K.L.:
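Please see the structure below; I have some questions.
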Protein chains: 2
Amino acid sequence: MSDLLDRLREGGWRLTAQRRVVAEVLDGDHVHLTADEVHSRAAARLPEISRATVYNTLRELVQRGEVVEVSTDGRAKRYDPNAHRPHHHLLCARCGSIRDVHPTGDPLANLPASESFGFTVLEAEVTYRGICPDCAA
Amino acid sequence: MSDLLDRLREGGWRLTAQRRVVAEVLDGDHVHLTADEVHSRAAARLPEISRATVYNTLRELVQRGEVVEVSTDGRAKRYDPNAHRPHHHLLCARCGSIRDVHPTGDPLANLPASESFGFTVLEAEVTYRGICPDCAA
DNA sequence: AGCTTGCCTTAGACCCTGTCCAATGTAGGG
DNA sequence: CCCTACATTGGACAGGGTCTAAGGCAAGCT
Ligand SMILES: [Mn+2]
Ligand SMILES: [Mn+2]
Ligand SMILES: [Zn+2]
Ligand SMILES: [Zn+2]
């Protein structure tokens, strides 16, 4: 987290209060906030921060590989600070909560050449859906 | 396809020219059109069809399980008439073209209980990304 | 074949997510 | 402590999608 700020400063980033507070809001595990959620949490600490700055900062963090963008539902994109340990996602179909998961095996191995249509296949992303303990209760 | 229209009529659907033309536009293999694409193709056959009707019809087809919604890129959702044979998708990272693929094995089996966070896991959706033959050339 | 009725369609207003811009502010090197 | 290049801001704008009120028409009934 402070490592993150160090890396960013070394990458020639000006360390502004806005950028710092966006980075702080994104800190943690299983964090997958929308840009609006990032904005309201950031605004709780720094009331004058603008939507545009939040979007700018998120875009830069994604470009630098410090945050990954997750499009789960065709609605707002979610921003995920867990960018250095590759993982997949498990979504609750009722409440929309998201957990990071690490399946076994390589999903790429499950796509036979006969099903590749001549593509050079680079990556596989798995989205699991189910019902979370809270919603099942 | 005409089976589709039969099923829909039996489900109490009024068979209007608009609904027929939307169903026709969606017919085929590896079809993954956006709502706007459906609208312009439908309008080529039935010029007065409205955007609202296309959206209404697509929503109903999805609710009835005759079409599946695919959110590939956080932009417009795509509508897929291949709803009766479960499958996954292979996307070209350059041009966005989409193919239906049928991987081997069950991706659900790759999620150990220790990674399930107490969820009842119902479904796994795999998105492969790569470069298509046309874009590789 | 005509009537009736309730479902469908329509245009356009409206909402949400995200981008862009010109004007203003400020981090950080010299 | 100044300077300036980079960052922030509010507001306009754009794309995708939903909603509504008014009028249209499919299909069952006679
Ligand atoms: Mn994640
Ligand atoms: Mn498909
Ligand atoms: Zn839940
Ligand atoms: Zn391509």
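We name chains A, B, ... by the order of the sequence lines, and we start the count at 1 in each one. Quick note: numbers below take in every heavy atom, side chains included, and nothing from hydrogens, waters or symmetry partners. What you are looking at is a predicted structure, and each value in this text was computed from that prediction instead of being measured.
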K.L.:
Round to a whole Å and report the spacing from CZ of B:Arg78 to C1' of D:dG17.
P.N.:
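It works out to 15 Å between those atoms.
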K.L.:
CG of A:Leu5 versus P of C:dA27: gap in Å, rounded?
P.N.:
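Nearest whole value for this atom pair: 15 Å.
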K.L.:
Any idea how B:Phe117 and A:His30 line up, ring-wise: parallel (<30°), tilted (30 to 60°), or perpendicular (>60°)?
P.N.:
perpendicular
K.L.:
Looking at the base of C:dG18, is there any donor atom on it, or on the side chain of A:Arg51, that sits under 3.5 Å from an acceptor on the other one?
P.N.:
yes
K.L.:
Once rounded to the nearest 0.5 Å, what's the spacing between atom CZ of B:Arg20 and atom OG1 of B:Thr57?
P.N.:
12.5 Å
K.L.:
Taking atom C1' of C:dT19 as reference, at what distance in whole Å does atom NE2 of A:His39 sit?
P.N.:
15 Å
K.L.:
Classify the side chain of B:Arg59 versus the base of D:dT18 as yes if they form a donor-acceptor pair under 3.5 Å and no if they do not.
P.N.:
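Answer no: no donor N or O sits under 3.5 Å from an acceptor.
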K.L.:
Taking the side chain of A:Ala52 as heavy atoms from C-beta outward, which of C:dC20, C:dG18, D:dT8 is closest to it?
P.N.:
C:dC20
K.L.:
Could you tell me the separation between the CG atom of B:Asp73 and the P atom of D:dG15, rounded to a whole number of Å?
P.N.:
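Those two atoms, CG and P, are 15 Å apart.
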K.L.:
Could one point to a donor on the side chain of A:Arg14 or the base of D:dC6 with an acceptor on the other under 3.5 Å away?
P.N.:
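Yes, the side chain and the base share a sub-3.5 Å donor-acceptor pair.
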K.L.:
What residue among A:Arg78, A:Lys77, A:His89, A:Glu37 forms side chain to side chain donor-acceptor pair (under 3.5 Å) with A:His32?
P.N.:
A:His89
K.L.:
Could you check how far CD of A:Glu37 sits from P of C:dG18, rounded to whole Å?
P.N.:
11 Å
K.L.:
Working to the nearest 0.5 angstrom, can you tell me the gap between A:Leu90 CG and A:Arg129 CZ?
P.N.:
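So the gap between those two atoms works out to 10.0 Å.
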K.L.:
Are the side chain of B:Arg94 and the backbone N or O of B:Cys135 linked by a donor-acceptor pair below 3.5 Å?
P.N.:
yes
K.L.:
Starting at atom CD1 of B:Ile49, determine the distance to atom C1' of C:dA11, rounded to an integer number of angstrom.
P.N.:
14 Å
K.L.:
Among C:dA27, C:dT17, C:dT9, find the nucleotide with the atom closest to the side chain of B:Arg19.
P.N.:
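Out of C:dA27, C:dT17, C:dT9, the nucleotide with an atom closest to B:Arg19's side chain is C:dT9.
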K.L.:
So, OP1 or OP2 of D:dT18: does either fall under 4.0 Å of a side-chain N or O from B:Tyr55?
P.N.:
no
K.L.:
Counting side-chain heavy atoms from CB outward, which of C:dT17, C:dA11, C:dC8 is closest to B:Trp13?
P.N.:
C:dC8
K.L.:
Do any side-chain nitrogens or oxygens of B:Gln18 fall under 4.0 Å of OP1 or OP2 in C:dT10?
P.N.:
yes
K.L.:
Would you mind telling me which of C:dG18, C:dT10, D:dA7 lies closest to the side-chain atoms of B:Asn56?
P.N.:
C:dT10
K.L.:
Tell me whether the side-chain N/O atoms of B:Thr53 come closer than 4.0 Å to OP1 or OP2 in C:dT10.
P.N.:
yes
K.L.:
Whole Å only: how far is the CZ atom of A:Arg9 from the C1' atom of C:dA27?
P.N.:
12 Å
K.L.:
Send over the distance from A:Leu46 CG to D:dT8 C1', rounded to a whole Å.
P.N.:
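Distance check: A:Leu46 CG to D:dT8 C1' gives 11 Å.
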